[in-house]
Amino acid sequence: MRSAVLKCSGPWMCSKIAKVLKIAGEEVAELVEPSGAPAVGGIGGIGIPVYWSDVSFADSGSSTPGGGSDMPVNRRSFLSIAAVAAVDVGVAQDLAASIAGGDAGPLTAVQTTYGVDKTIASMLDRATRSTLLRWTEDLGNPVARVNATGILAKMPDQGESRRVVSILRNDDEVQRLYLTAVATRVCAIKWEHAAKFVENPTDFPFASIAVERFAREVVNPADVGARWCSAKMLQELSPVVGR
């Protein structure tokens, strides 16, 4: 089983983790692991610029459950997987309540996760959808705008696909944040590496691997934003495919 880790993106998120798991705040630190992902294979003879020297891809291949009776269970990983799911649902419920109440404050604190966005999107009613659409234009905070856009992008009916694509094309700050989030998740790399990647895609030392992963994500049925961002990254990477 692949391991999953909890990540605290700041005091607000850590407090939510503690609340959902019903544990003390200091106990959250015991569940949080470094955000760096294990490398898969070596870098070989590729000449890598200094700022890419510690980048690595995590294993994002499919894994099957089960195994023989002598297979050890990684209890920490099992707990982390369950905790991540619980945190996604708990945070999503709190954020959905804030959105329904017209309070955009929590959306300005930290960029929400893919799982949180999907959970909130499944809860949207017409009024909440209208509020998020208004916030994608009216809010001065780019993190809040990208969060609103990300939730709308994952609506089960994909009913706001055209609007989401228009935002990504025209709002440079939202585009940058969304691209970075998609690159972080799809390529399983650190946020800071993903930010550099989307800024200079052709400088990335693992372009062919990234192309393969974005090609899969470009048909993600659950997220029009991820589809658009993946298509854009494939276009940017096309000159270096095969290098």
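Remember, it's a predicted structure, so these values are computed and weren't measured experimentally.
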Do the side chain of Q175 and the main chain of L168 share a donor and acceptor less than 3.5 angstrom apart?
yes
Using modelled atom types only, decide if a donor and an acceptor are shared between the side chain of S238 and the backbone of Q235 within a distance under 3.5 Å.
yes
Is a salt bridge present between E236 and K232, judged by a nitrogen-to-oxygen distance below 4.0 Å?
yes
Evaluate K196 against E192 for salt bridge (Lys or Arg N to Asp or Glu O under 4.0 Å), listing each step before the verdict.
CA-CA 6 Å; K196 293 171 182 174; E192 58 267 29; over 6 Å; no
From CA spacing to verdict: salt bridge (Lys or Arg N to Asp or Glu O under 4.0 Å), D157, R129
CA-CA 12 Å; D157 65 0; R129 181 187 304 195; 3.5 Å; yes
Cluster link V165 to L132, ILVMFWY, side chain under 4.5 Å
yes
Any donor and acceptor pair, going by atom type alone, linking the side chain of N147 with main-chain N or O of L107 inside 3.5 Å?
yes
Checking D171 against Y178 for the side chain to side chain donor-acceptor pair (under 3.5 Å) test, could you report, in this order, the C-alpha distance in whole Å, the side-chain angles of both residues, the deciding distance, and whether it holds?
CA-CA 11 Å; D171 188 326; Y178 214 124; over 6 Å; no
Show the nearest heavy-atom pair for residues A215 and V218, with the distance to one decimal.
O-CG1, 3.2 Å
Quick check against the 3.5 Å criterion: does S166 have a side-chain atom that pairs as donor or acceptor with the backbone of R162?
no
Are V143 and V174 connected into the same hydrophobic cluster when the rule is that any two of I, L, V, M, F, W, Y join if their side-chain heavy atoms are below 4.5 Å apart?
yes
For a quick test of reading the model, state the closest non-hydrogen atom pair linking L179 to C229 and the distance between them.
CD2-CB, 3.5 Å
Say you draw a straight line from OG1 of T180 to NE2 of H193; how long is it, rounded to the nearest 0.5 Å?
13.0 Å
State plainly whether the residues R145 and E137 are in salt-bridge range, i.e. N to O under 4.0 Å.
no
First locate atom CD1 of I120, then atom CD1 of I99, and finally report the distance between them rounded to the nearest 0.5 Å.
4.5 Å
Determine, using the 4.5 Å side-chain heavy-atom cutoff (strictly less than), whether L95 and M123 are members of one ILVMFWY cluster.
no
Whether T128 side chain and L124 backbone form a donor-acceptor pair below 3.5 Å:
no
Has R227 got a side-chain atom pairing as donor or acceptor with N220's backbone, closer than 3.5 angstrom?
yes
In this structure, CG of L133 is separated from CD of E160 (nearest 0.5 Å) by 4.5 Å
Shortest non-hydrogen pair, P156 vs S122, comes out as CG-CA, 4.2 Å
With the side chain counted from C-beta on, respond yes when L177 and P142 share a heavy-atom pair under 4.5 Å apart, and no when they do not.
yes
Looking at A207 and L237, what are the two nearest heavy atoms and their distance?
CB-CD2, 4.1 Å
Taking the side chain as every heavy atom from C-beta outward, state whether V146 and Q111 have any atom pair closer than 4.5 Å.
yes
Counting C-beta onward and ignoring hydrogens, is there a side-chain heavy-atom pair between R163 and T136 closer than 4.5 Å?
yes
Quick one: sort the F214 and F197 rings into parallel, tilted or perpendicular, breaks at 30° and 60°.
tilted
I'd like to know if the side chain of T131 and the backbone of A127 have a donor-acceptor N/O pair within less than 3.5 Å.
yes
Residues I167 and T149: closest non-hydrogen pair is CG2-OG1, 3.6 Å
Between R213 and E217 (salt bridge meaning N to carboxylate O under 4.0 Å), is one present in this structure?
no
Where is the tightest heavy-atom contact between V182 and A226, given as atom of each residue plus distance?
CG2-CA, 3.9 Å
